[in-house]
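Remember, predicted model here, so these are calculated numbers, not experimental data.
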Amino acid sequence: PGPGAEDAAAGSGGGGYIAVGRENGNVEVWALDGQYCCHRLVGGDPSAAETVCWTSDGRVISAGLQGTVTLWDLASLRPAETVDSYGGAVWDMAFCDATDTLAIACEDGCVRLFDYDAQQAESAGGCLTYRLALAGFTGRSLSVAWAPDGQRLFAGGSDGTIRRWTVGGVRPGSLPACDLIVSTNT
């Protein structure tokens, strides 16, 4: 059988590559200049790779319905690290280059933040560290996006709302304020 349907795609920061998440859990990296698949990553989340993104240092992260987040080693074509989402299925994620922070939209209605340490990634240590959960949705958290400055985070939920958190400058142990931006429940 073929590779299955494409569930997610994300362009690299440099623009030369695109990562594609497949319904069979595989992730492919395509070179855009020659339009060829240069890496096929097998062995992450056994369910669909619902979402993919790139780190600031050019690594690929995938996540899916099993509730895990996988950082890929493109040299060995194997998972370098897999961590629990702490919130069930992951529907979307976004990486902030300005702060090296990964935000994931989870089944339980929270957006979770993970710190990424590129130096730890080089030494094959644990480089994704769970930081905190941002609550706000009465249903699933389905989408997430960073503002370009890395200070604000936006997310949409299955409850019809869009929320904004100002996460820049938040002290450890405290939660950022959440604003309701849009509600379809009027």
Side-chain angles (χ1 to χ4, degrees), residues 7-21 27 29 44-45 49-64 67-74 79-87 89-123 125-137 140-157 161-182:
D7 282 350
S12 64
Y17 299 93
I18 187 168
V20 175
V27 175
V29 177
D45 190 332
E50 285 294 321
T51 180
V52 293
C53 68
W54 294 83
T55 64
S56 55
D57 62 346
R59 296 172 191 270
V60 175
I61 301 175
S62 67
T68 57
V69 178
T70 301
L71 175 73
W72 291 91
D73 179 345
L74 295 181
E81 180 178 15
T82 299
V83 297
D84 195 296
S85 73
Y86 301 105
V90 178
W91 295 100
D92 194 21
M93 66 182 163
F95 190 86
C96 179
D97 289 346
T99 62
D100 278 342
T101 305
L102 176 68
I104 62 172
C106 295
E107 177 74 19
D108 69 354
C110 291
V111 172
R112 287 185 168 71
L113 302 183
F114 290 79
D115 293 321
Y116 173 71
D117 186 333
Q119 290 179 336
Q120 286 290 94
E122 284 297 321
S123 65
C127 53
L128 287 172
T129 305
Y130 174 75
R131 186 188 332 162
L132 61 93
L134 304 172
F137 299 105
R140 293 178 178 143
S141 175
L142 294 175
S143 61
V144 64
W146 289 97
D149 63 7
Q151 302 300 304
R152 290 162 294 141
L153 180 66
F154 298 85
T161 63
I162 299 173
R163 299 193 176 271
R164 174 184 62 201
W165 292 271
T166 302
V167 295
V170 174
R171 292 186 310 272
S174 62
L175 290 176
C178 177
D179 299 319
L180 177 66
I181 304 297
V182 175

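- Looking at every heavy atom in both residues, Leu113 comes nearest to Ala103 through CD2-CB, 3.7 Å.
- Taken to the nearest 0.5 Å, the CG atom of Asp149 stands 9.5 Å off from the OG1 atom of Thr99.
- For the side-chain hydrogen bond (donor to acceptor under 3.5 Å, both in side chains) criterion with Tyr116, the lone passing option out of Thr129, Thr101, Asp97, Asp57 is Asp57.
- The two atoms that bring Ser141 and Cys110 nearest to each other are CB-O, 3.6 Å, heavy atoms only.
- With hydrogens and angles disregarded, a donor-acceptor distance shorter than 3.5 Å links the side chain of Arg112 to the backbone of Tyr86.
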### Task
Under the side-chain contact (heavy atoms from CB on, under 4.5 Å) rule, what do Trp54 and Val29 come out as? Steps first, then yes or no, please.
CA-CA 11 Å; Trp54 294 83; Val29 177; 3.8 Å; yes
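- Under the 3.5 Å distance criterion, the side-chain polar atoms of Thr51 are matched with a main-chain donor or acceptor of Met93.
- Judged purely by atom type and a 3.5 angstrom limit, Asp92 uses its side chain to pair as donor or acceptor with the backbone of Val144.
- Using a 4.5 Å cut-off on side-chain heavy atoms (C-beta onward), Trp91 and Glu107 make contact.
- Summarising the geometry of Thr82 relative to Pro79, their closest heavy-atom pair is OG1-CB, 4.1 Å, with the distance given to 0.1 Å.
- Taking CG of Leu153 as the start and CZ of Arg164 as the end, the distance is 11.5 Å to the nearest 0.5 Å.
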#### Entry: From CA spacing to verdict: side-chain contact (heavy atoms from CB on, under 4.5 Å), Thr55, Ile61
CA-CA 7 Å; Thr55 64; Ile61 301 175; 3.5 Å; yes
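- Residues Ile104 and Phe114 come closest through the heavy atom pair CD1-CE1, 3.5 Å.
- The side-chain heavy atoms of Ser56 and Phe95, taken from C-beta on, include a pair separated by under 4.5 Å.
- For the atom pair CD of Gln120 and CG of Asp115, the computed distance is 12.0 Å after rounding to the nearest 0.5 Å.
- Trp146 and Val167 get closest at one heavy-atom pair: CZ3-CG2, 3.4 Å.
- Looking at Ser85, its side chain does come within 3.5 Å of a backbone N or O of Gly67 through a donor-acceptor pair.
- Rounded to the nearest 0.5 Å, atoms CZ (Arg152) and SG (Cys96) are 11.0 Å apart.
- Here Tyr17 pairs with nothing under the ring-ring contact (aromatic ring centres under 6.0 Å, His included) rule; sequence neighbours left out.
- Of all the heavy atoms in Ala105 and Ser143, the pair that sits closest is CB-N, 3.9 Å.
- In this structure, CZ on Phe154 lies 9.5 Å from CD1 on Ile162, to the nearest 0.5 angstrom.
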